[in-house]
Each structure stands twice: as C-alpha cells, then as structure tokens.
Trainee: 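What follows is a single structure, and I will ask about it in a moment.
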Number of protein chains: 2
Amino acid sequence: MNLVTNFQSAIHTQGLRATRQRQLVLDVLEHSPEHLDAEAIHDQVRAKDPRISLATVYRTLALFKRLGLVAEHSLGEDHGHFETAPNAPHYHFTCLNCKRVIEFESPTVLQVVQGLAEREGLQVIETHLTLSGYCPECRPDEEAA
Amino acid sequence: MNLVTNFQSAIHTQGLRATRQRQLVLDVLEHSPEHLDAEAIHDQVRAKDPRISLATVYRTLALFKRLGLVAEHSLGEDHGHFETAPNAPHYHFTCLNCKRVIEFESPTVLQVVQGLAEREGLQVIETHLTLSGYCPECRPDEEAA
DNA sequence: TTTACTGCAAAACATTTGCAATGAG
DNA sequence: CTCATTGCAAATGTTTTGCAGTAAA
C-alpha cells in the first residue's frame, strides 16, 4: 500500500541500495497524481537536486517497474508515461487535443480478461485498455445531418 | 471492405496519387495476417522492388493510418506494429516470451467503452486493449503450494 | 506540365549502455 | 572496503524531415 515501505522491503530482500536519487524519484511519483514521462520526472527531481541525470531516472523507473512499484503506459503513443502501481486496476482515456488523461475502472473488463485467460490458457501479466478521442471540452461536436 | 477499393476512392477524393510504392505496401498489408512493423513491411516490399526506402514505408503507413486503412498498435511496447483496419474491433495478447500475438474479440468491452463515452461525454476514436503475459506453451506453470 | 511523391542522408526523439568515479552498507 | 549505483557522453533504435530529383495525373 505504501510505496516507500514496499521499496524498503525490496531493498532488503535483494542487494539493492536506497540512494538519494531513488528516494527522490519515489517521492515525485508518490506526490504526483499525474501520468508523468521520464523527462517530466527528471525535471521535478532536478528541482530538488540538479545533479541527477536523465539516465538515472530511466534506470530507476526500470527498477521500480521490475519491483512492481510503478506501471508504464503508452498514452500518447509515442513515449512512455509512468504512474504508481494501482491497487485496483484502471484504464485510460487520452484526449487527442488537450492531452488530458481520464482514468476509469471497469470490473467488467477484468472479467472479460479473466474469462479469456481461462479459455485460452493464458497467464496474463498486464492489461492495458487505452482509449483516445476527444473530451467534452475538445469535441468537434459534429452535428452534420 | 476491400482495402484496395478504399484506397482508390481516397485517392480520388483527395489530391493523392496511386504510386507503385503505395500499392506494394498495400499489397503486403493485405496479404499478411501478421502484425508487422515498419522494418518487416519494408523487407517484404523490397523483395518486389529493392529501391523503396524505409522513409517511404513510414510515410505510407502514416498516410494509410490517416485514411483509416490501417491501425497501429504498441504490441511489444517498444516500436509500432501495423495491421489492416478491422471491420469488427478486436484486441491483442502478446506472449512476453515467444512474442506470439493472439487476437480476440469482445462485444462486452465495446459496451463498456460505449457506456463510458456516453457517461463522460467523450468521443472515442480508438480503443486499444492490449494484454501481455505467457501463452500456454511458454507458461512457467507455477504450482507452488 | 504540374506538383505529389520518393530516395537519400541527416536530424530528431526516446531510451540504453560503457566506463570511470562515487557513495551506501 | 566493496560493489551497487551514478553521471556523463556516446551509442542505439525508431521515426521524421529537408531537399533535389522523379513520376503520376
């Protein structure tokens, strides 16, 4: 439930080290409700310590992903976005115009996926349901007859 | 329904031209049940005409996407894969080990998405449901007590 | 003839990596 | 002290772009 706690135990389990850089990235992720990309995380982390490199941010995010602390999504289709691993799975809608991201849950989708997995004998590790289109503010509102 | 036909009409509607390169890419897409990436499409097209450049393949795929003839997916998380735009929407499971892609349909997912769109006032253009995990052949088959 | 399109090579990105220096345990 | 981790800069892989030449219409 607590990111930091999960991180601490992972540290102890494996031969990892709790570096300042990792703590800062963890901090940014924890206090950010948004879906940040590596660059944005780097910016925020650099505000607290200008010496941290983008490469380290990438390495840290890869580690956190491996530890199950964060999830990566391809929201804008181009580069990756990261968020803290959710307890309840949720999905994303991205507005093609204003880039706003709307999150939503759906037990129904979960059921569909579980049904498929059972039927096909699949072990599903990740589920990404990503919608794109236009939010109410950005809708062309086409009303052509 | 017919890719080539759709292409022809798009050509006439806009000021586009039916070049040999585009016809070849169209041909590859049409006769390939797989989810090819730009590089693979380039290889196949080059088998018929070695002069075609990768840049042209990318430009052609971008055009086809804009025309609604093909859909792009991030299946392996890294680079894009393309397939002919399906009449019935379907979704993808990718095996993390053997990279095999399994397609599946789900009217239920469609309903969920439509429900969400109505409730939130969204205009949904694209829906990507992408699963990853292990197929029956590649499953670790963990049976730990 | 007109100008959309292509090939090429270079640029633009996001991301990864080799290596010497650093610092957590 | 030891070795996991970092910073840097260079490498990588994918996709895009500028421009002069080519070819549909």
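Sequence lines set the chain letters: A, B, ... in the order given, protein chains first and strands last, and positions in each chain run from 1.
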Trainee: Assuming nearest nucleotide by heavy-atom distance, tell me which of Gln21(B) and Ala18(A) is located more 5' along DNA chain D.
Mentor: Ala18(A)
Trainee: I want to check something: taking the side chain as every heavy atom from C-beta on, are Asp27(A) and Lys48(A) in contact at a cut-off of under 4.5 Å?
Mentor: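 They are in side-chain contact.
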Trainee: Over how many whole Å does the gap from Phe82(A) atom CZ to dA14(C) atom P extend?
Mentor: 12 Å
Trainee: Could you walk me through whether Val124(A) and Leu116(A) pass the side-chain contact (heavy atoms from CB on, under 4.5 Å) test, one step at a time?
Mentor: CA-CA 9 Å; Val124(A) 175; Leu116(A) 173 83; 5.7 Å; no
Trainee: Specify the separation, in whole Å, of atom CG of Leu67(B) and atom P of dC5(C).
Mentor: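 For the pair Leu67(B) CG and dC5(C) P, the rounded distance is 10 Å.
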Trainee: Where each residue is assigned the nucleotide of DNA chain D containing its nearest heavy atom, which of Leu16(B) and Gly80(B) is assigned the position nearer the 5′ end?
Mentor: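 The residue mapped nearer the 5' terminus is Gly80(B).
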Trainee: Contact boundaries of DNA chain D with chain B (under 4.0 Å, heavy atoms), 5' to 3'?
Mentor: dT14(D) to dA25(D)
Trainee: Side-chain contact test, heavy atoms from C-beta onward, threshold under 4.5 Å: evaluate it for Arg59(A) versus Leu63(A) and give yes or no.
Mentor: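 No. Closest side-chain heavy atoms not under 4.5 Å.
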Trainee: So Leu67(B) and Asn6(B), do their side chains get closer than 4.5 Å, heavy atoms only?
Mentor: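 No; the side chains remain at least 4.5 Å from each other.
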Trainee: Roughly how far, to the nearest 0.5 Å, is the OG atom of Ser74(B) from the CG atom of Asp78(A)?
Mentor: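 OG of Ser74(B) is found 9.5 Å from CG of Asp78(A).
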Trainee: Please examine the side chains of Gln44(B) and Leu36(B), heavy atoms only from C-beta on, and report whether any two atoms are closer than 4.5 Å.
Mentor: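 Counting from C-beta outward, Leu36(B) and Gln44(B) do come under 4.5 Å.
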Trainee: Can you tell me the distance, in whole Å, between the CZ atom of Arg51(A) and the P atom of dA21(C)?
Mentor: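 Answer to the nearest Å: 17 Å.
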Trainee: Round to a whole Å and report the spacing from NE2 of His12(B) to P of dA4(C).
Mentor: 16 Å
Trainee: According to ring-ring contact (aromatic ring centres under 6.0 Å, His included), does anything in residues 33-76 of chain A pair up with another residue at least two apart or in another chain? List the pairs.
Mentor: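 Matches after skipping sequence neighbours: Phe7(A)-Phe64(A), His35(A)-His92(A), His73(A)-His92(A), His73(A)-His128(A).
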Trainee: Is there a side-chain contact between Gln14(B) and the phosphate of dA4(C), meaning an N or O under 4.0 Å from OP1 or OP2?
Mentor: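 No, outside the criterion.
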Trainee: Give the residues of residues 38-48 of chain A touching DNA chain D, defined as any heavy atom closer than 4.0 Å, sorted by residue number.
Mentor: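 Here the set is empty: none.
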Trainee: Is the CD atom of Glu137(A) crowded by more than 12 outside heavy atoms at less than 6.0 Å?
Mentor: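 For Glu137(A), atom CD is crowded (more than 12 foreign heavy atoms under 6.0 Å).
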Trainee: Nearest whole angstrom, please: distance from the C1' of dC8(C) to the CD1 of Ile52(B).
Mentor: 15 Å
Trainee: Return the value, rounded to whole Å, for the distance between atom CZ of Arg22(A) and atom C1' of dA24(C).
Mentor: 11 Å
Trainee: Can you find a donor-acceptor N/O pair under 3.5 angstrom joining the side chain of Arg17(B) to the base of dT3(C)?
Mentor: yes
Trainee: Rounded to whole Å, how long is the line connecting atom NE2 of His79(B) with atom C1' of dC13(C)?
Mentor: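 It is 16 Å, rounded to the nearest whole Å.
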Trainee: How many Å lie between CZ on Arg20(B) and C1' on dC5(C), as a whole number?
Mentor: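 It works out to 11 Å between those atoms.
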Trainee: So, His90(A) and Glu83(A): side-chain donor and acceptor under 3.5 Å apart, yes or no?
Mentor: yes
Trainee: What contact category does Ala62(B) fall into here, base, sugar-phosphate, or nothing, at under 4.0 angstrom with non-hydrogen atoms?
Mentor: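 Nothing, no nucleic acid heavy atom in range.
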